Amino acid sequence: MNPSAVTRHLVVRGLVQGVGYRWSMVQAARRLGVRGWVRNRRDGSVEALAFGSAAAVDALVAWARSGPDGARVDALDAVEAPMPAEPPSDFVQRETV
C-alpha cells in the first residue's frame, strides 16, 4: 500500500441529488486517479469514500465543494478515514442507503 495515500469520508449536503452529482463525481475521481465510491443517502445528502494520493484526494474534495452545474452545496464534511484493508480498484456509484 502506498504510504502517501490518504482516505477521506465525505458527506455533501444541499441540492445534490437529481442533478448528476454522483455521475459527475465518478468522472472527476477517475480523471484524478482517485478510487472509492459515492452514493445517495435517504436524508438527501451524498456520501463518498475517496482513496488515493493526498493531492488527488484534495483535488476531488475541492471539486465536491461545488459539484456539477445544477448542484448547490450547502455543507461538505470531509474527514480522514481508516485506510481500507483492500484499496478499491476504481471509483464507482453504490446504491442509496
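Only a predicted model underlies this, so the values are computations on that prediction, with no experimental measurement involved.
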In terms of hydrophobic clustering (I, L, V, M, F, W, Y; side-chain heavy atoms under 4.5 Å; direct or indirect links), are [X] and [Y] co-clustered?
| X | Y | value |
| --- | --- | --- |
| V6 | V34 | yes |
| V26 | W37 | no |
| V61 | V16 | yes |
| L32 | W63 | yes |

TODO: Compare all side-chain heavy atoms of D77 with those of L10 and state whether any distance is below 4.5 angstrom.
DONE: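 Not touching, per the 4.5 Å side-chain cut-off.
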
TODO: For atom CG of D69, decide whether the heavy atoms of other residues, nucleotides or ligands shown that lie under 6.0 angstrom number more than 12.
DONE: no

Open item on the list: Under a plain distance cut-off of 3.5 Å, with no hydrogens placed, do E80 and H9 share a side-chain donor-acceptor pair?
Closed with: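 No, no side-chain donor-acceptor contact under 3.5 Å.
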
Closest non-hydrogen atom pair, [X] against [Y]:
| X | Y | answer |
| --- | --- | --- |
| R35 | P88 | CD-O, 2.9 Å |
| R41 | V11 | NH1-CG2, 3.8 Å |
| Q17 | G44 | NE2-C, 3.2 Å |
| R22 | R94 | NH1-O, 3.9 Å |
| V73 | R65 | CB-O, 3.2 Å |
| L49 | A81 | CD1-CB, 4.1 Å |

Open item on the list: Testing L15, N40, V12 one by one against Y21 for a side-chain contact (heavy atoms from CB on, under 4.5 Å), which residue passes?
Closed with: V12

Task: SB check D90 R30 (cutoff 4.0 Å) - done: yes

To the nearest 0.5 angstrom, please state how far the [atom1] atom of [X] sits from the [atom2] atom of [Y].
| X | Y | atom1 | atom2 | answer |
| --- | --- | --- | --- | --- |
| F51 | L60 | CZ | CG | 14.0 Å |
| Q27 | F91 | CD | CZ | 10.5 Å |
| S66 | L76 | OG | CG | 10.0 Å |
| R13 | E47 | CZ | CD | 10.0 Å |
| D58 | R8 | CG | CZ | 4.5 Å |

